[in-house]
Amino acid sequence: MKTAVTSQGLTYEELAQKNKQYLWHPFTQMKDYLEDEPVIIASGNGRKLTDVRGKEYWDGVSSIWLNVHGHRVPELDQAIRDQLDQIAHSTLLGMANVPAILLAEKLIGLMPPGLTKVFYSDSGATSVEIAIKMAFQYWQHKGQPQKARFITMKEAYHGDTIGAVSVGAIDIYHKAYSSLLFESYKVPYPHRYRSPIGGNDREQTQYFLAQLEETLEAYHKEVAALIVEPMVQGASGIVVMPEGYLKGVRDLCTKYDVLLIADEVATGFGRTGQWFACNHEDVTPDILTAGKGLTGGYLPVAITVATEEIYQAFLGDYVEMKTFFHGHSYTGNQLGCAVAIANLELMERENLVSQVEEKSRWLAGQLEIFQSLSHVGDIRQKGFMIGLELVLDPETKEPYRWEERMGVQVCRRARELGMLIRPLGNVVVFMPPLASTRDELEAMLGILYQSIEEVTGE
Ligand code: PLP
């Protein structure tokens with residue numbers, strides 16, 4: 001049966017056909033995708049999305065971890081309209097613009113103390129790419145060009161450009177490109193559920209810091225920087241660090257004269273219940289990258305923020321060639337910066353970050369019920385970042401086989417029940433918009449519970 005004509009004057013079937021004919025989707029096996037009925041989003045409102053056939057879904061993954069207040073937020077919509085009445089875009093190469101200046105000032109006010117200069121780009125991956133080049137060139141300017149390698153964490157994800165993949169370590173995403181990449185040293189991320197030792201947070205922290213120190217001791221003379229996803233390693237399956245680890249990483253980087261890059265692309269802007277994950281342990285990195293939630297989930301703006309020490313190292317006479325040779329066409333885009341300012345102002349007015357903190361404590365209580373599902377092996381949470389690891393056998397922690405696509409199946413059932421989420425292998429990720437109310441969260445958790453229960457056969 002043909003569906004009604006959509007607002008674009010096309011039926012669902014016509015759009016689905018064009019989708020099939022012209023589009024190649026990110027992180028998607030198109031062969032599988034084309035066998036499925038595509039969801040085609042027509043509109044959004046608050047925490048919900050509506051497809052062209054009129055079915056509503058909760059945005060349970062914040063449109064890939066970035067939505068803050070919801071969709072069609074009047075203040076954010078208006079900020080873009082107002083900016084459009086001035087100008088949409090002019091370059092930041094050699095000239096400035098009003099929203100880019102004002103946003104940079106606002107951001108520095110929110111950053112961990114000691115970060116003073118904002119460099120704009122347009123995605124999380126580019127913000128990481130910039131951090132890598134900045135750290136690399138910094139040591140050249142300091143007369144130590146041999147400090148040119150990077151330390152990263154096993155299972156890290158920092159984006160999909162070649163530099164970001166070189167400091168990434170998720171085999172299924174990165175292995176195909178291995179011969180294209182520069183090599184980095186890899187140390188284990190402190191993963192309590194899959195840790196080789198038992199023990200409490202303090203023991204875990206000590207154990208994993210000792211491993212890091214071994215690597216630093218051996219290689220620090222050739223290492224420019226260590227890059228880490230602070231407090232939560234996202235794409236590896238929402239893995240939460242034990243207390244004290246991040247602070248320990250900061251201290252070790254200082255001790256061995258290695259720059260610390262905190263990749264806050266996923267964790268920044270309130271997602272973990274603090275403005276930045278680094279705030280949980282009063283850590284100031286040398287370079288911080290962020291994106292995603294910066295514009296409330298509206299437009300692609302990302303930032304790489306550096307300390308004065310790093311910025312100053314790039315100053316010199318024109319002929320010295322100390323310039324940071326990096327930039328993108330849309331760097332400092334006015335529409336993006338304008339909506340980012342509106343987003344941050346609304347977050348402040350609504351005290352959103354404290355609200356996330358408070359609601360996440362309540363959420364932790366709500367999540368306890370998932371323990372009654374016998375294939376939920378681990379429940380991980382920091383703020384509004386939640387991962388439920390599904391296992392075949394909770395006693396032995398034996399994972400489901402990749403071919404079983406357990407995560408995919410759960411998310412497919414959730415979609416039928418009216419919530420859009422995306423898995424990470426066997427980990428079901430729940431990442432609601434930060435402004436979701438308790439009632440909304442309860443409704444979303446209900447779908448999550450039912451989906452896992454039905455698919456894992458409880
Ligand atoms: N860094 C981290 C920690 C991320 O989680 C992501 C994306 O999920 C990225 C970088 C890449 O961001 P983007 O997809 O905007 O390039």
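Both ligands and their constituent atoms are indexed starting at 1 by order of listing. All of these numbers come straight from a predicted model, not from anything done at the bench. Only heavy atoms go into these numbers, but all of them, side chains included; no hydrogens, no water, no symmetry mates. Throughout, numbering of the chain's residues begins at 1 and tracks the sequence.
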Task: Smallest separation among heavy atoms of Asn279 and Pro112, with atom names - done: ND2-CG, 4.0 Å

Open item on the list: By the definition side-chain contact (heavy atoms from CB on, under 4.5 Å), identify the one residue from Ile261, Ile287, Asp263 that meets it with Val128.
Closed with: Asp263

- [ ] Return yes or no for this condition: an N or O of Trp65 is under 3.5 Å from an N or O of ligand 1.
- [x] no

- [ ] Please determine, by modelled atom types, if Ser63 and Asn67 share a side-chain donor-acceptor pair under 3.5 angstrom.
- [x] no

TODO: Please report the shortest heavy-atom distance between Leu103 and Ala340, naming the atom on each side.
DONE: CD2-CB, 3.6 Å

Open item on the list: Out of all atoms in ligand 1, which are within 4.0 Å of some heavy atom of His158? Include the element for each.
Closed with: 1 (N), 9 (C), 10 (C)

TODO: Please state whether the rings of His326 and His328 are parallel, tilted or perpendicular, taking 30° and 60° as the class boundaries.
DONE: perpendicular

- [ ] Look at atom 2 (C) of ligand 1 and say which protein heavy atom is nearest, naming residue and atom and giving the distance to 0.1 Å.
- [x] Asp263 OD2, 3.4 Å

Open item on the list: Using modelled atom types and a 3.5 Å cut-off, is there a donor and acceptor pairing between side-chain atoms of Gln381 and backbone atoms of Gly383?
Closed with: yes

- [ ] Show which atoms of ligand 1 fall inside a sub-4.0 Å distance from at least one heavy-atom site of Tyr157.
- [x] 1 (N), 2 (C), 3 (C), 4 (C), 6 (C), 7 (C), 8 (O), 9 (C)

Task: Distance from atom 16 (O) of ligand 1 to nearest protein heavy atom, with residue and atom - done: Ala125 N, 2.8 Å

Task: Contacting atoms of ligand 1, where contact means under 4.0 angstrom from a heavy atom of Ala266 - done: 5 (O)

Task: Contact check, Lys292 vs ligand 1, heavy-atom distance below 4.0 Å - done: yes

Open item on the list: Evaluate Gly124 for polar contact with ligand 1, using N/O atom pairs at a separation under 3.5 Å.
Closed with: yes

Task: Heavy-atom nearest neighbour in the protein, as seen from atom 9 (C) of ligand 1, with distance rounded to 0.1 Å - done: Val265 CG1, 3.6 Å

- [ ] Return yes if a side-chain donor-acceptor contact under 3.5 Å exists between Asn343 and Thr295, otherwise no.
- [x] no

